[in-house]
S.K.: 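My questions will all concern the structure given below.
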Amino acid sequence: MLDIKITRTASPKAKPQDESKLGFGKIFSDHMFVMDYTAGQGWHDARIVPYGPFQIDPATTVLHYAQEIFEGMKAYRTADGTIQLFRPDCNAKRMQDSADRLCIPTIPEEDYIQAVKAIVDVDRDWVPHADGASLYIRPFVFATDVGLGVHASHHYTFCIICSPSGAYYAEGINPVRIYVEDDYIRAAPGLTGFTKCGGNYAASIKAGELAEEQGYAQVLWLDGVEKKYVEEVGSMNIMFKIDGKVYTAATVGTVLPGVTRRSCIELLKDWGYEVIEGKLAIADVMKAAQEGKLEEVFGTGTAAVVSPVKELVWKGEHAYIGDGKIGPVTQKLYDTMTGMQWGRLPDTKGWIVPVEKVY
Ligand SMILES: Cc1ncc(COP(=O)(O)O)c(C=O)c1O
């Protein structure tokens, strides 16, 4: 159990008046959680302090060698005013896996959850009220040794910031066009694809920018060895409903194990669908589209929950999915997940964790 010292801001910021204009990740709440790590001492000095900049020496290792990991989750406000989290234990465990791969000291699951609950509790008034809006939570750990040289740092900072964010689908659920990347790769066996480390995202920016320039919402990554099998999308996992069955890449080292992916798989299985986690060749996806068997394609992730795909382009060949509108299974997943998250549906899976008022 962490002993969290709380220092409240003397000058609280004005809360956004128009929650329809929040966007994503643009404004931040009044406070942040911070905890330091020193080799030999462990994690120490857990505290909540006013949100503000860090002073960083130019030779701090994270700035040069990117020893950094992060998480992404949300706090939701229900109609009765309860503030709640969705499967925070999954994020805590994933951060431990990321930490282990990046040689960063792990944070015990209960400490991670306590820290998230504490910062959300202190800034609970920042959890938006508008339909579909939420408080995005960004925990991250970075190396703070000062000096050059590629080694595991002896000092780290764990920080959690919170950003009130608007409804992802403020203008209704819009199916997207996806560019299947055939040149750049995101991950390969033995690398860091299964982690949420900043470096993965830095390496993905170029392909994302090029796809965007051509009018595509995101890139679909293929496996890094043969560029043959579908893996995931820029910031989402991806599922394909072909001839009644749902296919998605297995999380075997090169794909981020998404909390939404895992939850959708559980729900789909509960509803009697066969879900196949394994290798799916992009050529077979295109063939299924030609044969009229590619029924639904959707991304899964915390930000959007599900994001229906209406078109894929691979090596100049286009696949059009369904009638270009969200499919029934995608819609059912969206309704069920968001229903539980915002407390409109009962939590039949034990996924919801309320944030009690303590501070
Ligand atoms: C690369 C990548 N894949 C998948 C996901 C989806 O993960 P989750 O459902 O836990 O948000 C994300 C989002 O965090 C991501 O960045």
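Counting from 1, the numbers follow the sequence of the chain as shown. In listed order, ligands and their atoms are each counted from 1.
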S.K.: Using a 6.0 Å cut-off, check whether atom CG of D3 has over 12 heavy atoms from anything other than its own residue.
M.R.: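 Count not over threshold, so no.
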
S.K.: I'd like to know if the side chain of Y136 pairs up with that of R138 as donor and acceptor (distance under 3.5 Å, no hydrogens or angles considered).
M.R.: yes

S.K.: For G234, state whether at least one heavy atom is located under 4.0 Å from any atom of ligand 1.
M.R.: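 Contact present.
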
S.K.: Measure centre to centre between the rings of F54 and F142, then say whether the value is under 6.0 Å.
M.R.: yes

S.K.: Below the 3.5 angstrom mark, is there an N/O of E232, backbone or side chain, next to an N/O of ligand 1?
M.R.: yes

S.K.: Within the structure, is a non-hydrogen atom of R94 found at a distance of less than 4.0 Å from ligand 1?
M.R.: yes

S.K.: Establish, for the pair K279 and Y229, whether the NZ or CZ atom is under 6.0 angstrom from the six-membered ring centre and no further than 45 degrees off its axis.
M.R.: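 Judged by the rule, K279 and Y229 form a cation-pi pair.
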
S.K.: Could you pull out, from V259, T302, V233, T195, the option with a heavy atom nearest to atom 11 (O) of ligand 1?
M.R.: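 The residue whose heavy atom sits nearest atom 11 (O) of ligand 1 is T302.
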
S.K.: Checking the N or O distance criterion of under 3.5 Å, is ligand 1 in contact with T260?
M.R.: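 There is such a contact, yes.
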
S.K.: Contact between ligand 1 and M73 is defined here as a heavy atom of the residue under 4.0 Å from a ligand atom; is it met?
M.R.: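 Flag not set, M73 not near ligand 1.
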
S.K.: Polar-atom distance check: R186 versus ligand 1, any N or O pair below 3.5 Å?
M.R.: no

S.K.: Tell me if the centroids of the rings in F140 and F70 come within less than 6.0 Å of each other.
M.R.: no

S.K.: Report yes if some N/O of T300 lies less than 3.5 Å from some N/O of ligand 1; otherwise report no.
M.R.: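 No, there is no polar N/O contact under 3.5 Å.
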
S.K.: Specify the protein heavy atom at minimum distance from atom 7 (O) of ligand 1: its residue, its atom name, and the distance to 0.1 Å.
M.R.: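 Of every protein heavy atom, G258 CA, 3.4 Å lies nearest to atom 7 (O) of ligand 1.
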
S.K.: Write out the residue and atom name of the closest protein heavy atom to atom 5 (C) of ligand 1, then the distance separating them to 0.1 Å.
M.R.: S235 O, 3.5 Å

S.K.: Below 4.5 Å, heavy atoms only, C-beta onward: do P139 and N91 meet side chain to side chain?
M.R.: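 When only atoms from C-beta onward are counted, N91 and P139 do not touch, as no gap falls below 4.5 Å.
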
S.K.: Pairing donors with acceptors under 3.5 angstrom, does anything connect the side chains of T82 and R77?
M.R.: no

